[in-house]
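Chain letters run A, B, ... following the sequence lines, proteins first, then strands; residues in each count from 1. Since the structure is predicted, the reported quantities are computational estimates derived from the model, not experimental observations.
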Amino acid sequence: MGIKLKFNNIQKHFFGVTALDGVSFEIEEKHTVGLIGENGAGKSTLMNILGGVLLPDGGNMSLDGDAYLPSNPRDAAQRGVAFIHQELNLFTNLSIAENIYINSFPSLKKTPLIDKKKMNDSLKSLLKSLDLNYSPSTTVENLAPGERQLVEIAKALHSDAFLIIFDEPTTSLTARETEKLFTILDQLRSEGRTIIYISHILGEVKRITDDVIVLRDGKVTGNSETGLIEIPEMINQMVGRESDNLFPERSAKPKDSPILEVKSLSQPGIVGNVDFSVHEGEVLGVFGLMGSGRTEMARMLFGVDTYRSGSISIDGTPLPRNSPQSSIERGMAFVTENRREEGLLMNVAITENIGLVSLPDYCRNLVKWVDAKRMNEEAGIIGDSLKLKASDIRRQPAMSLSGGNQQKVVIGKWLMTKPRLLIMDEPTRGIDVGAKYEVYSIMDRLAADNSGILFISSEVEELIGIADRIVVMSQGEVVKVFEKKDFDVTALMAAAFREAVA
Amino acid sequence: MKDRNWQRFILKNTTFILFVLLFLIFGILAPRFLSFKNLEIILSNSSYIGIIAVGMTFVLLTGGIDLSVGSTMYLSAVSSGTLIAAGWPIAPTIAVSLLIGIAMGYVNALIITRLKIVPFLATLVTMTVGRGMGLFVTKSVQVDFPDSITLMSTVKVFGFIPLQIFIFGLVVILAMVFLRLTKSGRQLYAVGNDPLAAERAGIQTRPLITSTYVISGFFAALGGFISITQIGRVSAGFGSGDEFDAIAAAVLGGASLMGGVGSVFPGTVLGTVMIQMIQAGLVYTAVDIYLHPIVMSLIIFFAVLLDSVRTGQLKKMERRTIMKITS
Amino acid sequence: GSDKADDGITIAFCFQDLETEFWVAGHSAITNTLEAQGIKVIEKNANEDANRQLEQVKDVIVQGVDGVIIIPQDGESAVTIAKECNSAGVPIGVFNRPPADKSADALVVVANNEAIAEQAVEYIAQEAMKLGRKVTPAIMVGDLGDPNAVGRRKGFYNVIDKYPDLWTGAPIEIPTKWDSNTALANLQSAMQANPDIDFLFTSSDFLYPVIKSVLAPLGKWQKIGDDSHILLAGLDGDKTACSLQKDGYVDATGVQDVYAEAQMLLDAMLAAIEKGEKTPNEWLYDDGFALTQANMGEREMDMWGCKILAGE
Amino acid sequence: MSKVDQLNTGRVGNVKILGRKILLSEFFVLYLTVFYLLVLFPFIPRVFSPYNIKNVLSNTWPLLVIAIGQTFVLITAGIDLSQTSVMALSSIFGAVIMTSEADPALLSKSPLWGIMLSDKGGLFAGTSAALPVGLLVMMAIGIMIGLINGFSVAKLRMPPFIVTLVSQMFFAAVAIWLSKSENIRHLPESFSRLGRGNFGPIPIALIIAVIIAVSAHLLMSRTLYGRRLYATGINPRAARISGVPTTKIIIAAYALSGFCAAVGGILYSARLEQGRPTLGNTLLLDIIGANVIGGISLAGGKGKVLWTVFGVVFFIFLSNTLNLLNLKFFVIDIVKGLVILLAAILDVVRSQLALRYSGGKV
Ligand SMILES: Nc1ncnc2c1ncn2[C@@H]1O[C@H](COP(=O)(O)OP(=O)(O)OP(=O)(O)O)[C@@H](O)[C@H]1O
Ligand SMILES: Nc1ncnc2c1ncn2[C@@H]1O[C@H](COP(=O)(O)OP(=O)(O)OP(=O)(O)O)[C@@H](O)[C@H]1O
Ligand SMILES: [Mg+2]
Ligand SMILES: [Mg+2]
């Protein structure tokens with residue numbers, strides 16, 4: 001088999017940060033290659049160069065044996081390279097079909113008009129194969145994040161590219177969708193396409209790739225056949241040290257006194273009769289399939305969305321409806337699942353982002369003078385404790401961080417409020433193993449300090465690893481609450497599918 | 001279920017329903033208002049600003065703005081006036097004046113896409129310079145147009161459609177087809193929604209943005225010409241302030257200044273015609289002229305309020321239902 | 001503030017805009033007369049902004065002009081600007097719109113909008129009486145923020161109120177905002193809503209092309225004497241009005257004599273500069289007149305528009 | 001850059017560094033204005049005469065105050081087109097309260113006649129309370145209109161452009177209707193002093209403008225409100241979830257804009273010594289233009305008071321010099337447009353350089 005793609009000494013610097021420092025490796029044709037590395041290791045940057053989004057500062061590439069240097073995404077597409085970005089790249093005001101066909105609309109019998117029927121018909125089976133049960137003419141605005149990610153995938157599958165890049169495609173997908181995606185990847189491979197697959201979930205990488213490339217600080221630190229390398233070794237190559245524990249030991253046991261009590265919360269069509277409580281020192285996991293209503297429930301709890309009936313109380317006192325501000329005053333914190341749109345002020349400095357929620361705590365006197373110095377210091381400390389990888393956190397905008405580090409900023413801004421109850425919606429999505437461990441440790445520390453944590457996740461393993469109890473939701477209702485002793489992957493999955501629950 | 005569909009229908013068409021209601025209310029207050037002739041007059045008086053507003057919609061869709069349309073109208077009208085006075089035949093004169101519109105649009109586009117100057121400033125510049133150049137030509141003296149031009153406003157296409165309404169209709173249909181059914185049209189929405197993502201998706205944003213300003217300039221010149229056929233005279237203030245009317249019509253029709261949202265039909269057309277209709281209604285019902293703008297702005301405010309309530313309600317209705325519908 | 005190096009006289013001419021023929025005529029009357037006498041003219045256009053005009057006048061004072069002539073946006077701002085000139089010791093002439101009061105010293109030429117409108121409308125009233133039936137009057141009102149428009153509307157109403165029995169009802173008011181397109185739309189609506197309108201007064205002559213384009217398709221653009229003729233009167237006295245009146249479409253035109261006004265003002269101004277007066281104070285009156293079908297013979301050449309027409 | 005490097009690059013390098021510093025400086029628009037004036041100086045030496053400087057500055061203050069109000073709204077990604085009618089309406093109300101005589105021939109048709117206005121003047125005619133009450137009412141009107149705008153935008157979720165366009169139409173018409181198109185004169189001397197008087201050697205208008213500019217600057221850059229204002233402008237959804245009361249922030253921004261417009265209206269009315277129903281109706285593009293030239297983004301989240309100040313100064317000097325140059329009126333438009341274009345181009349070059357060099361520093 002020939003060489004599909006060759007990187008030779010690729011360099012890329014941003015504002016003094018070295019993102020790629022002489023990256024060289026080759027990818028064999030028809031292989032599926034895993035690309036792994038810590039947050040900020042340079043994976044997305046390398047792919048952006050490959051996809052024509054960025055130009056390298058030095059080095060060269062060759063594709064199919066010819067020199068290759070795309071100056072924009074169109075060039076890349078013409079050379080048969082398709083790219084599913086880490087950040088969703090969809091037009092929310094257009095339909096699914098239009099997003100997929102955005103650059104290749106079929107025309108109606110030699111007129112300049114679009115053949116809508118053809119376009120929509122041709123996609124029906126594709127969407128079905130992805131379990132995306134929407135008409136192709138549905139506007140993307142109406143889709144949940146996970147569903148949007150499926151559209152991105154559909155977009156790449158639909159192109160006839162022979163080199164397809166997946167940059168963390170499963171971050172918004174649950175187990176079932178991920179399985180689906182893997183079947184599709186298999187199919188692509190059998191069609192003879194070459195795939196680059198970036199993920200922080202090393203199990204996935206181990207399972208589906210032929211080769212693994214490891215990046216650390218912009219350099220290649222590992223390059224081997226997947227069969228010849230085990231996960232601990234991958235981690236070793238990624239972080240430069242051994243690590244056997246994926247989850248920290250829980251340092252304290254939950255108390256009996258409840259912090260959050262939710263009683264028959266309902267909103268017609270969305271959630272119904274949700275009852276549960278989070279206790280002091282407890283990590284309460286929430287599991288469910290995509291679209292099971294976990295996010296919506298969390299948003300109601302925090303006061304972002306309205307609900308029709310039921311009660312939410314913190315420390316025994318009911319919470320006013322629909323006011324994130326008073327939720328925060330009562331000690332709640334909320335890491336949303338959508339960091340780009342709801343988590344960060346993208347072009348604002350990192351410290352400002354971290355300080356945003358706790359601003360009132362750094363204000364003096366009547367005019368609410370902000371003590372910027374003190375705030376920046378504290379934000380810096382939080383940043384350090386999260387091992388945030390940035391060159392100058394007072395000036396650098398959040399936008400310039402790697403995906404995982406952005407997530408850390410979001411978590412950081414809530415940690416700064418020293419929350420009593422922290423709601424985390426898919427907080428480990430897109431962050432590397434090391435950072436995940438840190439997030440779990442943070443949860444543990446908070447719990448040990450008597451805070452409560454509501455931890456929404458689609459990864460059963462991490463819930464089992466860190467939660468004290470797990471609530472399983474399906475179709476907007478709480479199906480079952482599992483005690484720690486009953487934790488079991490199959491039982492949890494079964495509950496999520498509502499099998500044998502009755 | 002039926003109920004819900006009705007609700008949805010009403011919500012989707014509130015602006016149109018309000019339009020019809022207003023028409024009826026004015027009709028009750030002044031029965032002559034309900035005539036076919038009146039409708040024709042309203043449409044005919046909407047056409048020139050409507051055409052400009054259609055062009056403006058294109059620009060707004062990409063998140064831009066075109067303040068120069070009023071000056072473009074003036075400059076191109078002044079040129080055609082000068083050419084006619086110099087003895088040019090009508091057809092090439094019209095062609096030249098439209099070309100001037102295209103040229104102004106192209107200059108806007110160059111300043112915006114090549115020099116990377118924000119649309120507001122870029123078109124503010126062409127607005128002042130354009131007006132200055134027009135004044136340079138006329139020395140502020142009004143330009144009168146011969147009957148051969150003004151008689152065009154009485155031409156009926158197919159024997160019953162007034163020329164200006166016909167052209168307006170044509171512009172609307174073409175624009176609608178372009179925006180809804182062509183590749184460039186859909187890509188325009190994409191660019192307005194997220195320019196960075198559009199770039200990444202491989203869309204050629206620069207020619208697209210250029211085209212919107214060219215279209216806007218062209219329609220400004222065309223609208224200006226339609227206006228001349230109706231009023232026969234171009235004085236130094238011709239077109240000034242029309243940029244705001246055009247933007248207002250488009251925004252009333254639902255276009256967003258942030259880009260990505262808006263439609264030519266019903267949106268902008270309804271916005272334009274609605275303003276014209278209220279204006280006519282106020283004259284029909286003989287409201288004290290000091291109160292005209294007051295009543296007009298209250299009605300527009302109400303229309304926009306209704307629209308935002310409706311959008312909120314629609315969003316709520318279209319929220320996905322997660323729970324299984326039991327029973 | 002005259003620190004000028006050369007001996008020539010410099011006069012600043014600050015006008016508020018040149019959007020209609022009337023203002024263009026006023027502008028050329030003043031500049032041509034001045035330049036013919038070898039006087040240097042600095043021109044400033046305030047684009048209908050009283051404040052900008054104040055700023056421009058201050059700017060020309062800085063330049064050490066010998067005199068300032070303004071066409072103010074309105075009477076009140078004229079007072080303020082005149083005071084500015086008084087304190088700088090520069091003679092000021094105010095053209096066409098009189099200062100609201102006499103607290104500042106200025107050379108003022110006044111045309112009385114209200115009176116002129118009244119004269120024109122009075123003629124129509126007399127004509128209407130001859131018809132032996134009631135007449136339905138309508139007025140095209142200018143921009144309500146412009147004092148000229150308001151004065152003309154008042155003059156119109158003075159006559160309407162004087163002959164209450166002559167009219168079928170209250171006049172129909174048609175807003176124009178001094179904008180042709182608005183005027184077109186509203187006149188069309190008004191004619192549709194009140195097909196029996198048979199007397200139309202336009203607050204400015206510049207709207208005649210619009211009036212024609214609305215009335216013609218209705219068959220109402222007819223010469224005097226025709227049964228469907230609508231009594232027409234306007235105000236300004238421009239070229240179009242003159243030719244329409246000659247052709248027998250327009251019954252009467254309120255005229256302010258822009259040339260005579262310019263001459264009066266300039267004479268007074270130059271005399272003051274000659275004498276070294278810094279704050280001359282004198283009011284000169286132009287009562288205007290109405291050029292009607294009845295007095296066309298004698299007074300035609302007193303209307304500036306007719307002079308322009310004849311000159312072409 | 002190390003010391004040795006600096007020595008080696010020598011004078012050429014120093015000039016380059018200075019050039020770069022100027023280009024990258026926040027004061028760029030100010031430097032640009034100064035440069036522009038220096039270029040013009042040989043042609044119009046009067047530009048630096050004390051009278052002219054005084055004149056230019058006196059034109060600056062009111063516009064500055066109004067433009068700063070606009071800045072608040074622009075930062076929220078909104079726009080306030082109603083500022084001009086705030087000026088007009090507050091001008092009329094202030095005059096109605098303060099005027100010492102009203103001519104029945106002119107004003108008896110006003111809806112306020114007999115209620116707030118008679119031939120003896122306004123409600124507080126001639127009393128010492130006239131000035132303070134008049135000023136308070138004027139500012140209250142500005143704030144009130146701002147609150148209505150803000151409420152419609154933030155609470156009723158209506159688009160800012162159309163909301164403020166409608167309120168511009170509405171309140172401008174109300175001002176004209178209430179005064180039946182007439183200007184109202186005979187305002188107290190103490191009021192006119194605000195526009196043209198001095199406090200010692202310093203014009204009162206300057207003091208007012210500086211107080212407002214400095215407070216606005218501090219408010220935006222140092223206080224909780226300011227931080228939250230930017231956050232709201234950049235990403236309202238993220239801000240709301242982070243506990244920023246975005247609704248209140250936006251409403252306050254519009255109220256501030258209305259307030260500033262009213263203060264501008266006070267200064268302009270005082271200068272013209274009259275209540276004018278059409279005050280400021282042509283000022284809108286200057287207000288927004290000065291902001292945009294200063295670098296404030298219409299897309300929200302970006303801007304500083306200092307930038308607005310420079311933008312206003314640039315605009316005022318531009319029209320002042322064009323006046324002094326004695327160009328034909330139609331040439332003025334052309335030149336004005338081209339100078340703005342040039343300034344805008346330089347600003348683009350500048351921000352691109354800034355992007356490039358900010359990397360060098362870290
Ligand atoms: N536009 C940019 N401006 C400045 N720095 C950038 C930019 N893009 C990336 N970087 C920096 O380059 C480095 C590599 O980032 P990259 O996004 O490639 O990481 P990654 O491996 O994809 O991480 P993750 O797993 O978190 O997505 C990081 O330090 C990041 O901060
Ligand atoms: N039709 C829709 N219109 C707008 N937003 C929607 C719609 N459907 C879902 N969403 C949004 O998508 C998000 C996810 O929805 P939901 O809560 O049902 O999923 P979940 O159980 O959290 O699973 P996941 O987060 O994995 O998608 C929520 O923020 C919700 O508001
Ligand atoms: Mg990445
Ligand atoms: Mg979710």
When rounded to the nearest 0.5 angstrom, what distance separates [atom1] in [X] from [atom2] in [Y]?
X	Y	atom1	atom2	answer
B:Ile117	D:Leu341	CD1	CG	5.0 Å
D:Phe171	B:Ser297	CZ	OG	8.5 Å
D:Ile334	B:Phe136	CD1	CZ	7.0 Å
D:Asp347	B:Lys116	CG	NZ	14.5 Å
D:Ser152	B:Phe301	OG	CZ	3.5 Å

So for [X], is it side chain, backbone, both, or neither that comes closer than 4.5 Å to the heavy atoms of chain D?
X	answer
B:Ile65	neither
B:Leu257	side chain
B:Asp307	neither
B:Ile294	both
B:Val118	side chain

On a heavy-atom basis, which atom in [X] and which in [Y] lie closest, and how many Å separate them?
X	Y	result
D:Ala344	B:Leu121	CB-CD1, 3.9 Å
D:Ile162	B:Val251	CB-CG1, 3.9 Å
B:Val304	D:Pro159	CG1-CD, 3.7 Å
D:Asp333	B:Arg131	OD2-CG, 4.0 Å
D:Leu298	B:Met258	O-CE, 4.0 Å

From CA spacing to verdict: side-chain contact (heavy atoms from CB on, under 4.5 Å), D:Leu285, B:Phe120: CA-CA 10 Å; D:Leu285 277 180; B:Phe120 185 92; 4.1 Å; yes
Excluding sequence neighbours, so at least two apart, what forms salt bridge (Lys or Arg N to Asp or Glu O under 4.0 Å) with D:Arg157? none
Looking at D:Leu156, is its backbone amide N or carbonyl O close enough to the side chain of B:Ser308 to form a donor-acceptor pair, meaning the two atoms are under 3.5 Å apart? yes
Please rank [options] by heavy-atom pairs under 4.5 Å with chain B and give me the top one.
options	result
D:Val292, D:Ile340, D:Val163	D:Val292
D:Pro160, D:Ser181, D:Ala299	D:Ser181
D:Lys336, D:Gln168, D:Met169	D:Met169

What part of [X] lies closer than 4.5 angstrom to a heavy atom of chain B: side chain, backbone, both or neither?
X	value
D:Leu284	side chain
D:Leu165	side chain
D:Ser297	neither
D:Ile332	neither
D:Val348	side chain

Do other residues, nucleotides or ligands put more than 12 heavy atoms under 6.0 Å from B:Lys139 NZ? yes
Using a 6.0 Å cut-off, check whether atom OH of B:Tyr106 has over 12 heavy atoms from anything other than its own residue. no
Under a 4.5 Å cutoff for heavy-atom pairs, which residue among B:Ile247, B:Thr126, B:Thr311, B:Ile111 has the most contacts with chain D? B:Ile247
Most heavy-atom pairs under 4.5 angstrom with chain D, which of B:Leu291, B:Val295, B:Val309? B:Leu291
Close contacts, residues 67-77 of chain D versus chain B, judged by heavy atoms under 4.5 Å: D:Ala77
